[in-house]
Visitor: 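Once you've had a glance at the structure underneath, I'll fire off some questions.
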There are 2 protein chains.
Amino acid sequence: MKRKTDEVKQSTPTERALDATDRRLLGVLVDDATVSYAELGERAALSAPAAHERVKRMRRSGVIRKTAALIDPDSVKKPLLSFVHIDTKGWGMTPDLMAISSHHEVEEIHSVAGDTSMLLKIRTENTRTLETLLSDLFKISGVEATRTYIVLSTYLERPVQPG
Amino acid sequence: MKRKTDEVKQSTPTERALDATDRRLLGVLVDDATVSYAELGERAALSAPAAHERVKRMRRSGVIRKTAALIDPDSVKKPLLSFVHIDTKGWGMTPDLMAISSHHEVEEIHSVAGDTSMLLKIRTENTRTLETLLSDLFKISGVEATRTYIVLSTYLERPVQPG
DNA sequence: CATGAAATTGGGTAAAT
DNA sequence: ATTTACCCAATTTCATG
């Protein structure tokens, strides 16, 4: 299978849709990407090279964004998870707001429909570091108010599931 | 291997704290866990076996929770991301509420401090599937109201950073 | 299924405790 | 003197044509 001149990955990928076998492979890899291709194939009723070929294709096409180590937040001194809603004047996503991505504590930035315009997921060491970050937010022009939800317990947290 | 006296730290089960080398390794692996130990070692100024040894230890101790394939949501037909706040009567986290984890669309469940008691991150194919899920939520005893924030654009979404 | 690359194991050494 | 972390070399396992 050769595909030479295609590296454009717009909204419509150049590849075909996922079939049941692809989804079975993803199901395994989402849970544990350290398995050998032999075992991966076995769990998906495939030969090792066939499994490898499909995984390679899914990486190339962007179905698999990346394979990454998922870290325990407490181990890296980030036990405090918060969700911060931001009210903005005018359109929320300014370059200034985007710039807070440089804080490693900021894990997600979304624009949302509803009574606020932006939603951030932030993981800090403690309330003091959170407060510092919030004060940085208020320095940004256009930020009018924030509402913060501190997470008491996380009962479920998992990556995008294929099924 | 003998273990005579327990020097177990309280919140951190078995092992010692992370040093700068560990954090350098994590920095690489969080971004790309497919690198060989040779390259990993090179990027962290370590030999391949030394890198391997430290990574193995971090896996064992739970610093690295898992290494997983991260999937493009659109590719698995989940283009609609929402955050759902739930008001509950009494304590929010009931077994019934926990049971919605069985829906693969539900990615996160947190209890929060603030004017609502639970917060869910949900990724569905469309508004119809979201509505179905919300109706399932309302069937759960104790669920009084929900407020849903539909994500228009995601500007940043990344796993827990070591730095 | 063969070949080359990578993961993994063991031995020996230096620094730290 | 014991522990800890490292590198080098050898072996096994795996990826990949």
Side-chain angles (χ1 to χ4, degrees), chain A residues 1-7 15-16 18-19 21-72 75-77 162, chain B residues 1-71 162-163:
Chain A
M1 218 340 176
K2 289 284 168 53
R3 191 73 44 116
K4 17 177 164 199
T5 50
D6 264 331
E7 55 243 67
E15 318 298 332
R16 82 182 69 78
L18 302 179
D19 62 12
T21 304
D22 290 325
R23 262 182 278 269
R24 243 176 299 132
L25 292 169
L26 289 176
V28 175
L29 293 177
V30 161
D31 186 60
D32 181 7
T34 68
V35 294
S36 68
Y37 286 109
E39 186 177 347
L40 177 60
E42 193 174 342
R43 290 207 217 171
L46 230 58
S47 75
H52 182 259
E53 186 56 43
R54 280 175 178 260
V55 171
K56 213 170 52 180
R57 182 168 53 80
M58 289 193 286
R59 281 192 213 281
R60 234 180 46 76
S61 69
V63 173
I64 297 177
R65 282 235 179 101
K66 58 154 99 176
T67 118
L70 303 185
I71 301 177
D72 170 45
S75 299
V76 291
K77 299 287 159 51
Chain B
M1 252 296 188
K2 291 280 172 57
R3 191 65 50 103
K4 21 186 173 187
T5 32
D6 264 345
E7 60 250 70
V8 175
K9 296 283 165 51
Q10 290 173 339
S11 56
T12 319
T14 37
E15 318 297 332
R16 93 192 84 255
L18 301 180
D19 63 10
T21 304
D22 289 326
R23 262 181 281 268
R24 240 176 301 131
L25 292 169
L26 289 176
V28 176
L29 292 177
V30 160
D31 186 60
D32 182 7
T34 67
V35 294
S36 70
Y37 285 110
E39 187 178 346
L40 177 60
E42 194 173 341
R43 290 207 217 172
L46 232 57
S47 74
H52 181 257
E53 186 57 42
R54 291 177 93 113
V55 171
K56 214 169 51 179
R57 199 183 60 202
M58 290 194 285
R59 281 191 214 281
R60 235 182 41 78
S61 69
V63 173
I64 296 177
R65 282 235 180 99
K66 58 155 99 178
T67 119
L70 302 185
I71 301 177

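Here is the naming used below: chain letters follow the sequence lines, and residue numbers restart at 1 for every chain. The shown structure was predicted, so the numbers you read here are calculated from the model rather than taken from an experiment.
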Visitor: Can you tell whether the side chains of K66(B) and D32(A) come within less than 4.0 Å, N to carboxylate O?
Guide: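 Judged by the 4.0 Å cut-off on N to carboxylate O distance, K66(B) and D32(A) do not form a salt bridge.
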Visitor: Expressed as a whole number of angstroms, how long is the span from R59(B):CZ to dT8(C):P?
Guide: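 That distance rounds to 9 Å.
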Visitor: Looking only at atom types and distance, does a side-chain atom of R65(A) sit under 3.5 Å from a main-chain N or O of L70(B), one as donor and one as acceptor?
Guide: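 No.
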Visitor: Measure from CD on E42(B) to C1' on dA6(C) and round the result to the nearest Å.
Guide: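 The answer, rounded to whole Å, is 15 Å.
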Visitor: Rounding to a whole Å, what distance do you find between L46(B):CG and dC8(D):C1'?
Guide: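 Answer to the nearest Å: 14 Å.
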Visitor: Counting side-chain heavy atoms from C-beta on, which of dT8(C), dA15(D), dC7(D) comes nearest to A50(B)?
Guide: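 Selected nucleotide: dC7(D).
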Visitor: Taking the side chain as every heavy atom from C-beta outward, state whether L18(A) and M58(A) have any atom pair closer than 4.5 Å.
Guide: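 L18(A) vs M58(A): side chains touch.
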Visitor: Counting heavy atoms from C-beta on, name the nucleotide in dG17(D), dA7(C), dT4(D) closest to the side chain of K56(A).
Guide: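 Nearest nucleotide to the side chain: dG17(D).
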Visitor: Using atom CD of E53(B) as one end and atom P of dA6(C) as the other, report the distance to the nearest whole Å.
Guide: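 One finds 20 Å between P of dA6(C) and CD of E53(B), rounded.
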Visitor: Side chain of S36(B), heavy atoms from C-beta onward: which of dA7(C), dT9(C), dC6(D) has the nearest atom to it?
Guide: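 Comparing dA7(C), dT9(C), dC6(D) against the side chain of S36(B), the answer is dA7(C).
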Visitor: Tell me which nucleotide among dC6(D), dC7(D), dT4(D) gets nearest to the side chain of S47(B).
Guide: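 The closest nucleotide is dC7(D).
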Visitor: Should the pair E39(B)-R43(B) be classified as a salt bridge under the 4.0 Å nitrogen-to-oxygen rule?
Guide: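 Yes, charged N to carboxylate O under 4.0 Å.
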Visitor: Atom CZ of R54(B) to atom P of dT8(C): distance rounded to whole Å?
Guide: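 After rounding, the gap between these two atoms is 18 Å.
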Visitor: Checking side-chain contact (heavy atoms from CB on, under 4.5 Å) against R54(A), which of V63(A), L40(A), L25(A) comes through?
Guide: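 Output: one option passes, namely L25(A).
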Visitor: Roughly how far apart are T67(B) OG1 and I71(A) CD1, rounded to 0.5 Å?
Guide: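 Separation between the atoms: 11.5 Å.
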Visitor: Salt bridge check: are D22(B) and R16(B) linked by an N-O gap of less than 4.0 Å?
Guide: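 The answer is no: the pair does not qualify as a salt bridge.
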Visitor: Output one letter per nucleotide in nucleotides 11-17 of chain C: B when a protein non-hydrogen atom lies under 4.0 Å from the base, S when only the sugar-phosphate is that close, - when neither is.
Guide: -------
Visitor: Atom CD of E39(B) to atom C1' of dA6(C): distance rounded to whole Å?
Guide: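 Value for this atom pair: 12 Å.
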Visitor: Round to a whole Å and report the spacing from CG of L40(B) to P of dA5(C).
Guide: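 Distance, rounded to whole Å: 20 Å.
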Visitor: Starting at CG of D22(B) and ending at C1' of dT4(D), how long is that distance when rounded to a whole Å?
Guide: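 Atom CG in D22(B) sits about 13 Å away from atom C1' in dT4(D).
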Visitor: Is there a side-chain polar atom (N or O) of R57(B) under 4.0 Å from OP1 or OP2 of dT4(D)?
Guide: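 Indeed not, no polar side-chain atom of R57(B) lies that close.
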Visitor: Counting only side-chain nitrogens and oxygens, does H52(B) get under 4.0 Å of the OP1 or OP2 atom of dA7(C)?
Guide: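 No, no such contact exists.
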Visitor: Just compare dA15(D), dC6(D), dA7(C) and give me whichever is closest to any side-chain atom of Y37(A).
Guide: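 Of all the options, the side chain of Y37(A) is nearest to dA15(D).
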